[in-house]
Amino acid sequence: MTKRPHIIIFNPDEMRADTLAHLGNPAAITPNLDRFAREDGVSFSRAYCQNPVCVPSRCSFFTGLYPHVNGHRTMSYLLRPGETSLLKELRDGGYYVWMNDRNDLTAGQIPGWTESHADEIYYGGQCARAPGPVDPGLRGNPGDKHFYSHFEGQLKLDSNGQNYNSDDEVVDAAIYRIQNPVDDRPMCLFLGLMFPHTPYRVEEPYFSAIDREKLPARIRPEDCSGKARILETIRRYQGMDGYTEDDWNELRAVYLGMCMKIDRQFGRLTDALKEAGIYDDCAIFFFSDHGDFAGDYGLAEKAQNTFEDCLTRVPLLIKPPKGVEVTPGVSPALTELIDFYATALDFAGITPAHTHFGRSLRPLLGDLGAPGRKYVFCEGGRMPGETHCDEYHGAGPNGPPKASPYWPKMMAQTDDAAHAKGIMMRGQRYKYVSRSVRPDELYDLERDPGETCNLIDDGGSADLVASMRLDMLKWLQATADIVPYEFDQRFTPEMMWARVRHLLRPEDEPAVRDMIANHVGFAKLMQYCKDLAHSRQA
């Protein structure tokens, strides 16, 4: 049997695709990821998540299923027994699965369920807590411009000249396992990190490294028309009207500094794989679950049912194991994060445990010009009366706590129309968003890459919208459900016996009962009994 590759999954949280220097951001500093794409792997420049918040996205890319298939479209409905995940399938297939305790995937209230997905879980918090912000009072009071901005700015350094955070701890724990494997099984390492998730904060040298003068132009709300109601609703509650362009640039630079630190941590991990002599034997995946507004559209953080590229377009870099053809560089093929599920299992040589909708990206790794999907999809929002994540953020009978930095988003989500369900489909040129409470949205990404002008009411777009709506309907029809590979019996053992007993003599009962107990199909059992009866008549 061919030696199976190690599977390395490096998964930062809330990292936009345009935080990578090699994808065109002149202010970004990501030398390790840039070199990785240039020399060893492929960076997919148009990769999209399937939901713009954590839990639904992870439930999707770890199963190869869209959020609507099993209802995983809120922050409070995670994978439960009866479902599976890539991690569990790799473990069942003979891999030693290591992951850290950043969950957002499996239902935590079910004893032993999360543990069934891994051989080893690294629980953090074993190191001293990192120092906080240089200016701990920066947030101020309700009504101040920073109060709901999620911005904390520069972090202090400890006595060792570091700000050693939970991500650093996870990377070091993974490096230790690389250097000290438990046995000779192929490893799967899943590093679920926190950066660059809000709050926006980072230490030196990352804080000052980003040149504020090189930041790309921000997408401003005053330059937009026809945008989703949820954007204006969050903006109203966030109350960041006092933010100047310099304030936004500082927030954006700190966010890029956090991404720079992620790049450094990724470089440390790949260096450890090389030192251990297993780098070439690894399939390495780097991708984020979703993006972040980071100032675009006048907003901080994210939203759950709006689908601008800053939230839905994510980094996706893949290095295959040796022996798999690869042409390093950037691929413009449209891809989805559910394709990660299919690709990882393809490399591992493991048949998926259930029907899924991912596509292995192996053929695209050797040909940067190979076409990807016709459309990619992302979903979000809720039906009236449903909750999203209020309990997680501490909401009580009187609503969300106003002191929480998430209060603006949580308040916006109480508006049924603003938080209505939506589906995005993005093709080569156009992006269409269908909403259960209209208006819908249509953007010409060639002429308007910032998605500033909604063309849905443009009379000249009627035929295009009708065509895309029909394609979305066909996609929903094709992905509405799945049939498990494990089939059920239509009859209980007593039902089956009742249907064949008239063909048999008493002495035949033990053998037939044994066949039933061994789950012989009903048609086969009936034919056996008929043949037995016929042979006796003859």
May I ask you to decide if A173's main-chain N or O and N100's side chain share a donor-acceptor pair within less than 3.5 Å?
no
With a 6.0 Å cut-off on ring centres, are F10 and F190 close enough?
no
Inspect the contact between R58 and D289 and indicate whether a charged nitrogen and a carboxylate oxygen are less than 4.0 angstrom apart.
yes
When you measure from the side chain of S116 to the backbone of W113, do you find a donor-acceptor pair of N or O atoms at a distance under 3.5 Å?
yes
Passes side chain to side chain donor-acceptor pair (under 3.5 Å), D531 versus Q527? Steps please.
CA-CA 6 Å; D531 291 345; Q527 189 60 52; 2.8 Å; yes
Applying side-chain contact (heavy atoms from CB on, under 4.5 Å), run through L504 and L532 and close with a yes or a no.
CA-CA 8 Å; L504 305 170; L532 186 62; 3.8 Å; yes
Side-chain donor/acceptor of E89 to backbone N/O of A353, under 3.5 Å:
yes
Heavy-atom closest pair, residues R102 and L193:
NH1-O, 3.1 Å
How long is the span from the OG1 atom in T106 to the CD atom in E115, to the nearest 0.5 Å?
8.0 Å
Steps toward side-chain contact (heavy atoms from CB on, under 4.5 Å) verdict (L316, Y48):
CA-CA 9 Å; L316 174 60; Y48 285 79; over 6 Å; no
Run the salt-bridge test on D280 and K274 with the 4.0 Å N-O cut-off and return the result as yes or no.
no
Salt bridge or not for K319 and E39, using N-O below 4.0 Å?
no
Audit row: L65, I482, side-chain contact (heavy atoms from CB on, under 4.5 Å) steps and yes/no
CA-CA 9 Å; L65 302 175; I482 58 172; 4.0 Å; yes
Any salt bridge linking R73 with E386? Criterion: basic side-chain nitrogen under 4.0 Å from a carboxylate oxygen.
yes
In terms of heavy-atom contacts, N305 and P52 come closest through N-CG, 4.4 Å
Test side-chain hydrogen bond (donor to acceptor under 3.5 Å, both in side chains) applied to D309 and R46, R16, K431, the passing residue:
K431
Name the residue from H72, K88, H354 that meets the side-chain hydrogen bond (donor to acceptor under 3.5 Å, both in side chains) definition with E83.
H72
Give, for atom CG of L337 and atom CZ of F287, the distance between the pair rounded to the nearest 0.5 Å.
6.0 Å
Looking at R362 and E325, is any side-chain nitrogen of the basic one under 4.0 Å from a carboxylate oxygen of the acidic one?
no
So F340 and F285, would you call those rings parallel, tilted or perpendicular, with 30° and 60° as cut-offs?
perpendicular
Anything under 3.5 Å between a donor and an acceptor, one on a side chain of residues 465-477, the other on a protein residue two or more places apart or in another chain? List them.
residue, atom, partner, partner atom, Å
R469, NE, Y432, OH, 2.8
R469, NH2, D440, OD2, 3.2
D471, OD2, Y375, OH, 2.8

Would I8 and L269 count as a side-chain contact (heavy atoms from CB on, under 4.5 Å) if you check the C-alpha gap in whole Å, the side-chain angles of each, and the deciding distance to 0.1 Å?
CA-CA 10 Å; I8 311 299; L269 187 78; 3.7 Å; yes
Y430 and Y443: ring pair (Phe, Tyr, Trp, His ring centres under 6.0 Å), yes or no, with the steps?
CA-CA 6 Å; Y430 295 97; Y443 301 102; over 10 Å; no
Which atom names give the shortest non-hydrogen contact between G94 and P186, and what distance separates them?
O-CD, 3.8 Å
